[in-house]
Chemist: 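Handing you a structure now.
In what follows, chains carry the letters A, B, and so on, assigned in the order in which the sequence lines appear, proteins first and then strands, with residues in each chain numbered from 1. Computed from a predicted structure; not experimentally measured.
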Amino acid sequence: MKNKLLLIFIISIFIIIFIFFYKGLQNTNIYTPETKINNKIPLFNGDLLYINKTVNSSDLFKSDKFYLLNIWSSWCVPCRQEHSLLMNLSKSKKVELIGINYKDTKVNAKSFLAELGNPYKKIIFDQKGVKAIEWGAYGVPESFLINDGIIIKRYIGPLNKKLFKEIESLIK
Amino acid sequence: MKILKLFFIIFLIFSFNHLKASNEDMKNKITKNLRCLICQGQSVYDSDSEFAISMKVLVDEKIEEGFSETQIYDFFKEKYGEWILYDPELNKNTYILWLLPILIFLIGGVIISKNFIIKK
């Protein structure tokens, strides 16, 4: 009787462990970050790409209107894809685009914008990739929608038409 | 007097060296405990991805600014969440993680001692 109980106990433990690991197999092992939204924008000083000037992040997002902060680079292929959408968005008066040029050279960044157009009001030149980390970013491209000094939405990866429509409806 | 000056200069050089070395040690310690989020399974210390390189630069900058080890961890935790640390802290999400091994150890101890006593 005692042996039988022990056998059942052991088998049930194995079954539980099996179910546990089987379920675990289906989980994705790629970590997606906690999309920390409704956070205040980080405070830092950064150099601008076109003008030799250092600005504070609080000066860039001064007014209570909408801002889209876009992290981009000339060597990043998806950035090229989303660029036309950013150009469209820059025509809207409701939103101002701020760029962070990530781990790039000034020459390459400028020729990228000369070729595809410049949608940004201001661009922070982030050669070491440190400013992007201040924002909690992973890489390029990444975008943050900001209103009144607060991050209200975060987009990891390139923007597409669907996300573009979402942004348009958010800034209405 | 000249010799004294020379000794003083040598002492100064060595003391700066030591300062630099201890900063380097601290940087290595911190980056070994930070998870590279692009190349998962590797620490920032081991990785050479763009993300990890930037993290190393930032850790360096923070140490230079006089941040302590815990302050640097807090800084990254605020930006990326608890996941960025390899050494999870004890909080309500990690109670099981920390307490389960102790619990299993205690239960095992009880079972062994009980059997031992009964057999005796």
Chemist: I'd like to know if B/Y86 and B/I30 are part of one continuous hydrophobic network [Ile/Leu/Val/Met/Phe/Trp/Tyr, side-chain heavy atoms within less than 4.5 Å].
Modeler: no

Chemist: Could you state whether A/I51 and A/F125 fall into the same hydrophobic cluster, counting links through intermediate Ile, Leu, Val, Met, Phe, Trp or Tyr residues with side-chain heavy atoms under 4.5 angstrom apart?
Modeler: yes

Chemist: Give a yes or no on this: more than 12 heavy atoms of other residues, nucleotides or ligands lie within 6.0 Å of atom CG of A/N56.
Modeler: yes

Chemist: Among A/A132, A/A137, A/P42, A/G139, who wins on heavy-atom pairs under 4.5 Å with chain B?
Modeler: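 Of the options given, most contacts go to A/A137.
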
Chemist: Does atom NZ (A/K121) have a neighbourhood of more than 12 heavy atoms from anything else shown, all under 6.0 Å?
Modeler: no

Chemist: Identify the residues of residues 96-109 of chain B whose heavy atoms come closer than 4.5 Å to a heavy atom of chain A, ordered by number, or report 'none'.
Modeler: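 Near chain A, by residue number: none.
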
Chemist: With hydrophobic residues grouped by side-chain heavy-atom distances under 4.5 Å, do A/M87 and A/Y50 end up in a single group?
Modeler: no

Chemist: Hey, is NZ on B/K27 packed in by over 12 heavy atoms from elsewhere, all under 6.0 Å?
Modeler: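 Yes, because the 6.0 Å sphere around NZ of B/K27 holds more than 12 heavy atoms from other groups.
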
Chemist: Decide if atom NZ of A/K65 counts as having more than 12 heavy atoms of other residues, nucleotides or ligands within a radius under 6.0 Å.
Modeler: yes

Chemist: For atom CG of A/L5, is the number of surrounding heavy atoms from other residues, nucleotides or ligands below 6.0 Å larger than 12?
Modeler: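 Atom CG in A/L5 is packed in, count exceeds 12.
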
Chemist: Got more than 12 heavy atoms from elsewhere within 6.0 Å of NZ, A/K110?
Modeler: yes

Chemist: Check whether more than 12 heavy atoms from other residues, nucleotides or ligands sit under 6.0 Å from atom CD of A/Q127, and answer yes or no.
Modeler: no

Chemist: Only heavy atoms, only distances under 4.5 angstrom. Which residues in residues 44-57 of chain B are near chain A?
Modeler: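 Within residues 44-57 of chain B, the residues under 4.5 Å from chain A are B/E50, B/F51, B/I53, B/S54, B/M55, B/V57.
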
Chemist: Does A/I100 belong to the same Ile/Leu/Val/Met/Phe/Trp/Tyr cluster as A/L43, with side-chain heavy atoms less than 4.5 Å apart forming each link?
Modeler: no

Chemist: Side chain, backbone, both or neither: which part of A/K103 has a non-hydrogen atom closer than 4.5 Å to chain B?
Modeler: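 Just its side chain gets close to chain B.
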
Chemist: For the atom pair OH (B/Y80) and CD1 (A/I133), what is the distance rounded to the nearest 0.5 Å?
Modeler: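 So the gap between those two atoms works out to 5.0 Å.
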
